Asker: 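Structure in structure tokens, see below.
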Amino acid sequence: MHLGRTTLSKFLIQQLRGGDDERDLAALLVDIAAAVKAISSMTSKGALAGVLGSLESTNVQGETQKKLDVLSDQAFINTFQLGGLTAGLVSEENDQPMVFEPSPGEVNGRRYLAVFDPLDGSSNIDVNVSVGSIFSIIRAPKGRRVKPEDFLQSGARQLAAGYAIYGPSTMLVLSVGQGTHGFTLDREVGNFILTHRDIQIPTQTSEFAINTSNARFWEPPVQRYVQECQAGKTGPRERDFNMRWIASMVADVHRILMRGGVFMYPRDTKDPSKPGRLRLMYEANPMAMVVEQAGGLAITGRERILDIAPEAIHQRVPVILGSKEEVDRIARYHQAFDTGTDEQYRSPLFKDRSLFQE
Ligand code: F6P
Ligand code: MN
């Protein structure tokens, strides 16, 4: 036995000491950890548990639901409903928010709203590549029933946020606004153990992550950034870059937290009705909090993600996050493009110079 180890519960008790409110937040995070353990167990059994493959149904985004999407959603919903601490929830898998009434005799301790993506990167399930869960906790209104608008709070108001990654090991990475910390699941004992205290994203990096099959739909500042990375030693950056794309946001962001890098799912013109692919409330906001709390930055290209005032629960946004110096550079490229202050964008040669321009 390693009695000196810090379990998730011990860590949260030590970090959240501010009275009943913080004690309940710690309890809620322990509940989330329990749902994560259930999902981790299902994902690790894979085909043996008959959980792979798709269902007939589609979710609100029009995406085909995988069996594990629905099972993971159910694990979170049960946790939040039965746990007695959340007054309502929003899930990627459900069109409308769910609102919970206090059950008879229950002291109204339902102080929180939970917003989550139960199984992110689910196209990777059937090919046995890492997937994850993402969650965000915000405050519920006091003394009245929850309304749908109550969920529309900017990311800066998140009380806690994080993700679980179901990889070779299962990890829970979270922030309650006091740094970002990582816990690894000790499967035999069933405890999350603090293994990565106060994660810091290196400010510089030579690694980028983007789905380059969309290159022709990107805006010029993103094309410029990627082009300069690809030009390597012989280009303006004067060093070689490396590229990675797992197509599980959780896994790509986790790599960035561990060793630096920049992740982009930028605005593109592929589908003009969508300003980006990723969802603000349960993908961009929680990841932005975790990344900022680890010393990184998270922007749309033009504004800080955590400052966006949400207009709809399933709203999409462009996402650019990771190592501070690179994200800063990409923000400057957007600004130069928008204001026409960069020679590169004034030149009639720009069209010809771009590798990706049609
Ligand atoms: O939830 C959306 C998501 O699956 C992310 O996890 C991932 O980063 C992205 O979509 C992958 O997109 P694409 O299929 O375009 O590579
Ligand atoms: Mn997702």
Side-chain angles (χ1 to χ4, degrees), residues 35-36 39 43 54 58-73 75-76 89-95 114-136 155 161-167 171 173 207-219 222 226 243-257 261-271 273-291 298-301 305 312-322 356:
V36 162
I39 299 169
T43 51
S54 300
T58 53
N59 66 11
V60 56
Q61 332 282 339
E63 298 160 347
T64 308
Q65 287 182 302
K66 303 275 182 188
K67 286 184 198 160
L68 264 178
D69 278 328
V70 174
L71 291 167
S72 307
D73 194 34
F76 273 110
L89 61 84
V90 157
S91 159
E92 172 178 348
E93 298 303 325
N94 303 302
D95 197 0
V115 182
F116 58 93
D117 178 353
L119 203 66
D120 173 67
S122 53
S123 70
N124 280 324
I125 294 167
D126 294 347
V127 292
N128 202 10
V129 170
S130 298
V131 287
S133 304
I134 313 175
F135 63 90
S136 163
Y163 63 83
I165 177 166
Y166 312 108
M171 284 188 71
V173 174
E207 204 160 71
F208 66 99
I210 191 165
N211 180 348
T212 49
S213 71
N214 293 324
R216 68 189 186 283
F217 303 112
W218 299 336
E219 292 186 290
V222 172
V226 173
M243 198 215 75
R244 289 285 182 273
W245 185 251
I246 303 174
S248 273
M249 186 194 198
V250 165
D252 279 311
V253 171
H254 187 68
R255 183 188 60 253
I256 288 169
L257 280 159
V262 56
F263 169 93
M264 290 169 275
Y265 217 118
R267 177 183 297 279
D268 64 37
T269 57
K270 197 173 183 179
D271 176 351
S273 69
K274 295 178 185 165
R277 173 171 164 96
L278 301 172
R279 274 55 60 103
L280 173 62
M281 300 218 53
Y282 41 81
E283 292 178 324
N285 271 343
M287 289 312 204
M289 178 169 179
V290 161
V291 163
I299 61 168
T300 62
I305 285 174
I313 55 173
H314 296 292
Q315 170 179 351
R316 294 175 192 259
V317 284
V319 174
I320 296 166
L321 59 77
F356 303 112

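None of these values were measured; they are calculated from a predicted model. Whatever order the structure lists ligands and atoms in, that order sets their numbers, starting from 1.
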Asker: Is Asp120 in polar range of ligand 1, meaning some N or O pair under 3.5 Å apart?
Answerer: yes
Asker: Is the count of non-hydrogen atoms from other residues, nucleotides or ligands lying under 6.0 Å from Asn211 atom CG greater than 12?
Answerer: yes
Asker: Looking at every non-hydrogen atom in both residues, tell me the closest pair between Leu321 and Ile256 and how far apart they are.
Answerer: O-CD1, 4.4 Å
Asker: Within ligand 1, which atoms have a heavy atom of Arg279 less than 4.0 Å away?
Answerer: 1 (O), 2 (C)
Asker: Please state the angle at the Mn ion (ligand 2) spanned by OD2 of Asp117 and OE2 of Glu283: what is it, rounded to 10 degrees?
Answerer: 90°
Asker: To the nearest 0.5 Å, what is the distance between CD1 on Ile125 and OG1 on Thr43?
Answerer: 8.5 Å
Asker: Where is the tightest heavy-atom contact between Ile165 and Ala251, given as atom of each residue plus distance?
Answerer: CD1-CA, 3.8 Å
Asker: Look at the side chain of His314 and the backbone N and O of Arg279, then say whether any donor-acceptor pair between them is shorter than 3.5 Å.
Answerer: no
Asker: Measure from the ring center of Trp245 to the ring center of Phe263 and say whether it is less than 6.0 Å.
Answerer: yes
Asker: Give the numbers and elements of all ligand 1 atoms closer than 4.0 Å to a heavy atom of Gly121.
Answerer: 4 (O), 6 (O)
Asker: Tell me whether Glu283 has any N or O atom under 3.5 angstrom from an N or O of ligand 1.
Answerer: yes
Asker: I'd like to know if the side chain of Ser136 reaches the main chain of Val115, judged simply by a donor and an acceptor atom lying under 3.5 Å from each other, with no hydrogens or angles considered.
Answerer: no
Asker: How does Val250 reach ligand 1, by side chain, by backbone, by both or by neither, if only non-hydrogen atoms under 4.0 Å count?
Answerer: neither
Asker: Looking only at atom types and distance, does a side-chain atom of His254 sit under 3.5 Å from a main-chain N or O of Ala164, one as donor and one as acceptor?
Answerer: no
Asker: Give the atom name of whichever N/O/S atom in Asp120 sits closest to the Mn ion (ligand 2).
Answerer: OD1
Asker: Just going by heavy-atom distances, which of Trp245, Tyr282, Tyr265 is nearest to atom 15 (O) of ligand 1?
Answerer: Tyr265
Asker: Going by heavy atoms, is Glu92 under 4.0 Å from ligand 1?
Answerer: no
Asker: Before signing off on this row, confirm whether Asn211 and ligand 1 have an N or O atom pair separated by under 3.5 Å.
Answerer: yes
Asker: Going by the closest heavy atom to atom 12 (O) of ligand 1, which one wins out of Lys270, Arg277, Met249?
Answerer: Arg277
